[in-house]
Amino acid sequence: AGHAWISITNYNGSSLKIGGLTVDDGKSITVGTWGNTDPKGLWYNAEGYAQSTGVYWGDSVSIQRPLRQQDLAVVNQNITTHTSWGLVNNNCSTFASLVWNSVATEDEKVDAGMINLPGNLVSSIKEIGANVSWSLYAEGYRVPFDYPTYYGNPPIRKNPTF
Amino acid sequence: MSVAVMRIYALG
């Protein structure tokens, strides 16, 4: 049960390559891996799509950090090379924590647990919010949906079925 | 200088 994912918003002043997509200034994408979609694996913008199509969605917890160009390069590398999904420790919370931790400072690193699960990430994100910055922490933060859904790497335009 | 903001979300 549950889900975990990443959003990235471009504040560069011009377009940016994020994962395998080109994103306009001021626009966002989400990335996450899914095991209950056809096909399974890495999707772009599936979270906003799921919300828009009325797939059940609860309130998330989330926290943010800035990305420099060199951080984005690391994040992009991780997004484009982790496109598969597996139930045990290759699931949505594995992917989200891997991408986040690839650039996070030590005190910002999340822990999805021995068996990676979204519920463990919820606790970890709350803890970072308390320890590092409540101002960067949010509950029920809006899920961006500025672009349609894409699957895999290189990204192929298609819609998931849940 | 930052060019983007990343957010990690979890629910469940």
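To find a chain, count down the sequence lines: A is the first, B the second, and so on, and within it residues start at 1. Just so you know, these numbers use all the heavy atoms, side chains as well, and skip hydrogens, waters and symmetry mates. Not measured: the values here are computed from a predicted model.
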Review point. Is Tyr49(A) reachable from Tyr151(A) through a run of I, L, V, M, F, W or Y residues, each pair having side-chain heavy atoms under 4.5 Å apart?
Key: yes
Exercise for review: Go through the steps to decide whether Thr9(A) and Met6(B) satisfy the test side-chain contact (heavy atoms from CB on, under 4.5 Å), and finish with yes or no.
Suggested key: CA-CA 7 Å; Thr9(A) 301; Met6(B) 174 167 66; over 6 Å; no
**Study point:** Among the listed options Asn120(A), Val122(A), Ile63(A), Ile8(A), the residue most often paired with chain B at heavy-atom distances under 4.5 Å
**Key:** Ile63(A)
Check your understanding: By a 4.5 Å heavy-atom criterion (distance strictly below it), what part of Leu72(A) contacts chain B: side chain, backbone, both, or neither?
Key -> side chain
Exercise for review: Starting from the C-alpha separation in whole Å, work towards a yes-or-no answer on side-chain contact (heavy atoms from CB on, under 4.5 Å) for Tyr11(A) and Val3(B).
Suggested key: CA-CA 5 Å; Tyr11(A) 289 118; Val3(B) 298; over 6 Å; no
Check your understanding: Considering residues, nucleotides and ligands other than Tyr141(A), do more than 12 of their heavy atoms fall under 6.0 Å from its OH?
Key -> no
Check your understanding: Are Leu42(A) and Ile29(A) in one and the same hydrophobic cluster, where Ile, Leu, Val, Met, Phe, Trp and Tyr link if side-chain heavy atoms are under 4.5 Å apart?
Key -> yes
Check your understanding: With distance as the sole criterion, is a donor-acceptor pair present between the side chains of Arg68(A) and Ser2(B) under 3.5 Å?
Key -> no
Review point. Would Trp5(A) and Val99(A) show up in the same hydrophobic cluster when neighbours are defined by side-chain heavy atoms closer than 4.5 Å?
Key: no
Practice item. Spell out, yes or no, whether Val74(A) and Leu67(A) are grouped together once hydrophobic residues are joined by side-chain heavy atoms under 4.5 Å, including indirect joins. Key: yes
Review point. Which bit of Asp59(A) is near chain B, if near means a heavy-atom gap under 4.5 Å: side chain, backbone, both or neither?
Key: backbone
Point to revise | When Gln69(A), Glu139(A), Glu47(A) are compared by non-hydrogen pairs under 4.5 Å with chain B, the top option | key: Gln69(A)
Exercise for review: Determine, step by step, whether Arg7(B) and Ser62(A) satisfy the side chain to side chain donor-acceptor pair (under 3.5 Å) criterion, reporting the C-alpha distance in whole Å, the side-chain angles of both residues, the deciding distance to 0.1 Å, and the verdict.
Suggested key: CA-CA 6 Å; Arg7(B) 177 169 285 267; Ser62(A) 63; 2.5 Å; yes
Practice item. List the steps and the verdict of side-chain contact (heavy atoms from CB on, under 4.5 Å) for Ile125(A) and Ile8(B). Key: CA-CA 8 Å; Ile125(A) 290 168; Ile8(B) 184 169; 4.1 Å; yes
Exercise for review: Measure distances from Val23(A) to the heavy atoms of chain B and classify the residue's part below 4.5 Å as side chain, backbone, both or neither.
Suggested key: neither
Point to revise | Segment of Ala104(A) engaging chain B (4.5 angstrom heavy-atom cut-off) | key: neither
Check your understanding: So which part of Leu136(A) gets closer than 4.5 Å to some heavy atom of chain B, the side chain, the backbone, both or neither?
Key -> backbone
Point to revise | Tyr44(A) with Tyr147(A), same ILVMFWY side-chain cluster at under 4.5 Å | key: yes
Practice item. Show the numbers, then the answer: is there a side-chain contact (heavy atoms from CB on, under 4.5 Å) between Val61(A) and Leu11(B)? Key: CA-CA 6 Å; Val61(A) 302; Leu11(B) 65 84; over 6 Å; no
Exercise for review: Check Ala10(B) against Leu121(A) and note the closest heavy-atom contact, atom names and distance.
Suggested key: CB-CB, 3.7 Å
